[in-house]
Amino acid sequence: AMLAVFQRLLQEHEIPPAFTNSVLDWIDPDDLQFSPDSAESDYYLTMEHPYRTRNAYLVDPGELAMIKMDGVDEQSGEKARLLAGIMPYVTALPTPTAININTALPEVLLAMGLNAEQVTALDNIRKTAPIEDIGTVSGVLQGMDDNARNALKFSSNYFRLGGELRYGKTRLFLNSILFRSP
């Protein structure tokens with residue numbers, strides 16, 4: 001379900017669909033190429049500043065900039081521009097997790113397969129009170145793919161903590177992902 005959401009998000013931001021295959025090769029545990037338009041360590045090792053694929057989940061969404069985007073000119077800044085468009089909607093977590101229906105941005109809900117009316121209805125419900133179980137909004141989720149529906153939940157286990165400390169001319173930034181067990 002998350003792969004389909006990611007693909008729809010890429011499509012909405014005009015990122016070539018083959019990028020999904022490159023991301024899959026970046027995170028899968030082997031060095032076998034998923035498809036001809038993706039890349040594994042052998043591709044990245046031929047670059048001016050060589051590196052290997054992570055072969056694990058991303059640690060930071062910024063890693064997407066390191067991944068091959070076939071058909072896009074990196075020198076012109078086109079890849080950076082395209083990735084900047086999806087950065088508000090992606091995150092990197094150490095384990096697969098569902099999307100919190102209470103905090104998901106409208107663009108993420110659209111990528112999950114909801115239409116604009118459903119997203120507006122959910123947004124109106126969320127403004128009055130947090131959604132405490134998916135059953136309370138089952139009418140709004142009518143027609144949603146079952147896999148996508150199963151990727152929704154009403155709480156979160158991961159939280160982002162960001163901060164900045166200034167002392168004279170020194171600045172210290174903090175950006176952490178916190179985990180709270182159920």
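At a threshold of 4.5 Å between side-chain heavy atoms, the hydrophobic network of Ile, Leu, Val, Met, Phe, Trp and Tyr places Val5 and Ile134 in one connected group. Linking Ile, Leu, Val, Met, Phe, Trp and Tyr residues whenever their side-chain heavy atoms come within less than 4.5 Å leaves Trp26 and Phe34 in two separate clusters. Met2 and Phe19 fall within the same hydrophobic cluster, where Ile, Leu, Val, Met, Phe, Trp and Tyr residues are linked whenever their side-chain heavy atoms come under 4.5 Å apart, directly or through other members. Follow the hydrophobic side-chain contacts under 4.5 Å out from Met66 and you reach Met47 in the same cluster. There is no path of hydrophobic side-chain contacts, each under 4.5 Å, that joins Ile177 to Leu174.
Judged as a ring-ring contact (aromatic ring centres under 6.0 Å, His included), and not counting sequence neighbours, Tyr43 has no contacts. Take Pro61 and apply the side-chain contact (heavy atoms from CB on, under 4.5 Å) test, not counting sequence neighbours, and it matches Met87, Val90, Ala92.
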- request: Take Leu122 and Ile131 through the test side-chain contact (heavy atoms from CB on, under 4.5 Å) and record every step on the way to the result.
  value: CA-CA 9 Å; Leu122 273 178; Ile131 299 167; 3.9 Å; yes
- prompt: Can you list the steps and then say if Ser38 with Asn21 is a side chain to side chain donor-acceptor pair (under 3.5 Å)?
  reply: CA-CA 5 Å; Ser38 65; Asn21 297 333; 5.9 Å; no
- prompt: When you look at Leu83 and Met69, which way does the side-chain contact (heavy atoms from CB on, under 4.5 Å) test go after all the steps?
  reply: CA-CA 10 Å; Leu83 288 175; Met69 189 181 288; 3.8 Å; yes
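Counting only residues at least two apart or on different chains, the salt bridge (charged side-chain N to carboxylate O under 4.0 Å, His left out) pairs with a member in residues 110-139 are Asp123-Arg126, Asp123-Lys127. Residue pairs meeting the side chain to side chain donor-acceptor pair (under 3.5 Å) criterion with at least one partner in residues 141-154, sequence neighbours excluded, are absent. A side chain to side chain donor-acceptor pair (under 3.5 Å) check over residues 3-20, counting only residues at least two apart or in different chains, returns nothing. Residue pairs meeting the salt bridge (charged side-chain N to carboxylate O under 4.0 Å, His left out) criterion with at least one member in residues 169-182, sequence neighbours excluded: Glu164-Arg171.
Separation of atoms OG1 (Thr53) and CG (Asp28) is listed at 7.0 Å; rounding is to 0.5 Å. In this structure, CG on Leu82 lies 5.5 Å from CD1 on Ile15, to the nearest 0.5 angstrom. Here the CG atom belonging to Asp31 is positioned 4.0 Å from the OG atom belonging to Ser41, to the nearest 0.5 angstrom. With rounding to the nearest 0.5 Å, the separation of CZ in Phe179 from CG in Asn157 is 5.0 Å. A distance of 10.5 Å separates CG of Leu58 from CG of Leu93, quoted to the nearest 0.5 Å.
Looking at heavy atoms from C-beta onward, Thr95 lies in side-chain contact with Tyr158 at the 4.5 angstrom threshold. Using a 4.5 Å heavy-atom threshold, the side chains of Arg166 and Thr170 count as separate. In this structure, the side chains of Asn55 and Ile27 stay at 4.5 Å or more apart for every pair of heavy atoms. Contact check for Leu105 versus Tyr89: side-chain heavy atoms found under the 4.5 Å cut-off. By the 4.5 Å heavy-atom criterion applied to side chains, Ser138 and Thr136 are not counted as neighbours. Leu9 has its side chain out of reach of Val108: every pair of non-hydrogen atoms, C-beta onward, lies at least 4.5 Å apart. Looking only at side-chain heavy atoms (C-beta outward), Asp25 and Ile67 stay at 4.5 Å or farther from each other. At least one side-chain heavy atom of Arg54 sits less than 4.5 Å from a side-chain heavy atom of Val59.
No side-chain donor-acceptor contact under 3.5 Å links Glu78 to the backbone of Val72. Glu40 places no side-chain N or O within 3.5 Å of a backbone atom of Asp42 that could act as its donor or acceptor partner.
When all heavy atoms of Ile101 and Phe154 are compared, the pair lying nearest together is CG2-CA, 4.0 Å. Ser22 approaches Ala39 most closely through the heavy-atom pair OG-N, 4.0 Å. Across Ile125 and Thr128, no two heavy atoms sit closer than the pair O-OG1, 2.8 Å. When all heavy atoms are compared, the tightest approach of Met112 to Ile99 is SD-CD1, 3.6 Å. Of all heavy-atom pairs spanning Ala148 and Ala1, the tightest one is N-CB, 4.0 Å.
For Tyr167, the OH atom sits in a loose shell: 12 or fewer heavy atoms of surrounding residues, nucleotides or ligands are nearer than 6.0 Å. Heavy atoms from other residues, nucleotides or ligands lying under 6.0 Å from OH of Tyr44 number more than 12.
Here the rule is side-chain hydrogen bond (donor to acceptor under 3.5 Å, both in side chains) with Ser156, and of Asn100, Thr97, Asn102 only Asn100 fits it.
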